[in-house]
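Input: a single structure, listed below in structure tokens.
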Amino acid sequence: MAEPIVFSSPDPTMRELLATHPQLTLDVQCGLMLEGVPLLAIADEMGTPCWVVSAGTLRARAGRLLGAMAQAGLSVSPHFAVKANDHLAVLEILGQAGFGADVVSGGELLRARKAGIPASRIVFSGVGKTDAELRLALAEGIAQVNVESAEELEILSGLAVQTGREMRVLLRVNPDVDAGTHAKITTGVAGNKFGVPWDEALELYRRAAALPGVRAAGYAMHIGSQILSAAPFRAAYARMAELVRATREAGLPVSVVDCGGGLGICYRDEGEGSPDAWAGAIRAELGGLDVRLAIEPGRWIAAPAGVLLSTVVLRKAVTGGAPFIILDAAMNDLLRPSLYDAWHGIVPLSPRDAVAEPEIAAVVGPVCESGDMFAQERSLPRLERGARVAVLDTGAYGAVMSSTYNARPLAAQVLVDGDRWSVIRARQGVEALWAEDIVPERIRSPV
Ligand SMILES: *Cc1c(COP(=O)(O)O)cnc(C)c1O
């Protein structure tokens with residue numbers, strides 16, 4: 001006899017998941033809806049896997065975040081962290097909602113520009129910007145470069161002088177505060193590759209103020225992602241405030257503090273990070289400093305706006321254990337469960353499947369890796385071959401992290417807006433997978 005499966009903590013039921021995901025509703029006739037669109041209709045027409053993102057949810061959450069800042073009496077420049085979702089349509093929507101862009105590569109910079117975000121609202125973060133990327137930033141005349149090392153500062157200064165331009169710089173400081181989140185998404189503790197150590201920041205700022213081609217304007221930080229309480233933010237902002245005061249006492253002007261991103265969402269039952277609490281932490285520590293404030297949220301805005309639609313390829317029975325539900329989506333589409341052990345809700349699309357008797361199952365993809373797993377021991381309505389499901393909260397760090405591993409073409413993408421939907425990226429054709437392969441003549445087999 002197999003041991004019965006015992007849960008350390010039970011998974012939320014379908015009803016509980018829908019309660020924490022108000023952007024989704026379950027219609028008795030049409031099944032799972034995102035805004036006014038039945039997801040089943042999209043899956044039927046587009047095939048699966050297919051990403052869907054809700055314009056209304058993006059707008060609502062962007063507005064909610066800006067509202068919380070305004071409510072706290074803060075005037076902030078918001079920059080969307082483009083790495084969370086770099087689709088042009090998403091960037092256009094957020095640009096219209098008042099957001100600039102926080103980019104971490106030349107490609108993201110050009111994407112943001114292509115989406116109509118003015119250079120004056122683009123900030124450039126990242127530990128390893130190449131000379132070509134820094135030249136691009138200078139040529140485009142973006143708002144600021146968040147410099148992450150002494151070495152980068154010298155290189156940027158040199159390139160700026162060479163090209164006859166000047167760049168505003170913030171020093172990204174590592175405040176050595178543990179965000180209390182997953183090790184792979186913690187960025188602000190000592191020993192981490194990101195930023196300048198807190199106790200070396202003032203010296204480097206002094207250097208920046210003296211260098212030609214760069215204008216030291218302030219400090220930036222970003223301590224990690226999926227942060228759910230205000231405490232780590234407050235601790236980090238307190239250290240930033242201390243640094244601003246010390247810098248001014250040293251006779252150097254500081255006019256900007258970039259508070260980073262990192263606000264978390266409710267994937268499972270952890271509760272959602274509160275924009276009001278985040279705004280409160282900013283106000284409490286930085287509100288009285290007479291600096292211009294900036295934020296760089298990504299996940300909080302975009303993650304709940306997206307789902308990944310998939311179809312059950314087959315059920316594989318396991319003697320004495322939980323069956324494998326094998327989906328047509330995989331780790332090459334959505335990497336987060338494999339990379340971070342991330343928990344994502346999985347909800348059937350059809351109204352009948354949604355109310356099926358729950359069972360314990362493992363939900364996996366077809367890729368040849370044991371890590372290709374969406375859920376290990378999950379309580380789910382029983383799913384038969386052919387059933388369609390939505391993997392929730394995939395609007396951030398979803399499609400952007402896809403690969404074509406196992407020669408699986410990139411999935412299609414759809415935008416829902418009210419009761420209408422449109423294809424925003426066609427499914428990649430299989431020929432595109434080898435279109436740029438070159439087989440040298442000398443090794444080609446004779447035909
Ligand atoms: C990833 C990142 C962000 C966004 O983080 P979220 O957790 O998605 O809000 C902001 N700033 C920088 C520098 C980043 O690297």
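One-based numbering, in listed order, for ligands and for the atoms of each. Nothing here was measured: the structure is a model prediction, and the numbers come from that model.
Taking both residues in full, the closest heavy atoms of Met373 and Pro337 are given as O-CB, 3.3 Å, listed atom of the first, atom of the second, then distance. Heavy atoms only, all atoms of each residue included: Ser274 and Ala277 are closest at OG-N, 2.9 Å.
At least one test fails for Arg64 against the ring of Trp300: distance under 6.0 Å to the centre or angle within 45° of the axis.
Residues Glu203 and Arg206 are paired through a salt bridge, judged by an N-O separation under 4.0 Å between the basic side chain and the carboxylate. With respect to the salt-bridge test (charged N to carboxylate O, under 4.0 angstrom), the residues Glu152 and Arg172 do not qualify. Here Asp176 does not pair with Arg239 in a salt bridge; the nearest charged N to carboxylate O distance is not below 4.0 Å.
The residues lining ligand 1, counting any heavy atom closer than 4.0 Å, are Ala81, Lys83, Asp102, Ser125, Arg172, His222, Ser225, Gly261, Gly262, Glu296, Pro297, Gly298, Arg299, Tyr397.
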